[in-house]
Amino acid sequence: MNTLANYGYTKMSLRLKQNDAGEYFVVLAELSAGNSQFVSLTTEEFGQFADAVFAMRDALRERTGTATAWAVRAQIAAPGRSA
């Protein structure tokens with residue numbers, strides 16, 4: 001899954017990986033010209049990160065009073081489910 005940031009100059013990437021022991025983990029990558037950063041998250045760490053993302057989305061919605069484009073896309077993808 002890829003998302004552009006910094007006015008299109010940075011790609012944020014999420015990848016689901018599996019190690020040799022069969023355990024799953026998530027890699028979050030930030031890819032910019034001349035700079036790349038990678039963060040490996042256990043499934044528990046990723047769950048905590050995802051919870052923080054949803055909390056931030058809700059805070060933005062509360063403060064701006066509008067749905068984000070992301071929430072609108074999620075609603076289109078899953079009608080009847082709150083984004």
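Just so you know, these numbers come straight off a predicted model, no measurement behind them.
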All side chain to side chain donor-acceptor pair (under 3.5 Å) counterparts of [X], not counting sequence neighbours:
{"X": "Asp51", "value": "none"}
{"X": "Gln18", "value": "none"}
{"X": "Ser13", "value": "Asn2, Arg15"}
{"X": "Glu62", "value": "none"}

| Is Val27 linked to Phe49 within one hydrophobic cluster, defined over Ile, Leu, Val, Met, Phe, Trp and Tyr using a side-chain heavy-atom separation of less than 4.5 Å? |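 In one cluster with Val27: Phe49, no.
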| request: Determine whether Phe46 and Tyr24 fall in the same hydrophobic cluster, where Ile, Leu, Val, Met, Phe, Trp and Tyr are linked whenever their side-chain heavy atoms lie under 4.5 Å apart. | output: yes
Side chains of [X] and [Y] in contact at under 4.5 Å (non-hydrogen atoms):
{"X": "Phe25", "Y": "Thr42", "answer": "no"}
{"X": "Phe38", "Y": "Leu31", "answer": "yes"}
{"X": "Val26", "Y": "Leu14", "answer": "yes"}

Which donor-acceptor pairs under 3.5 Å do the side chains of residues 3-12 make with protein atoms, sequence neighbours left out?
residue: Asn6; atom: ND2; partner: Thr10; partner atom: OG1; Å: 2.8
residue: Thr10; atom: OG1; partner: Ser32; partner atom: OG; Å: 2.7

| message | List the residues meeting side chain to side chain contact (heavy atoms under 4.5 Å, CB included) with Ala21, not counting sequence neighbours, and say none if there are none. | response |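 With sequence neighbours excluded, Ala21 shows a side chain to side chain contact (heavy atoms under 4.5 Å, CB included) to Asn19, Glu23, given in chain and number order.
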| task | Give, for atom CE of Met1 and atom CG of Leu28, the distance between the pair rounded to the nearest 0.5 Å. | result |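 The distance works out to 12.0 Å.
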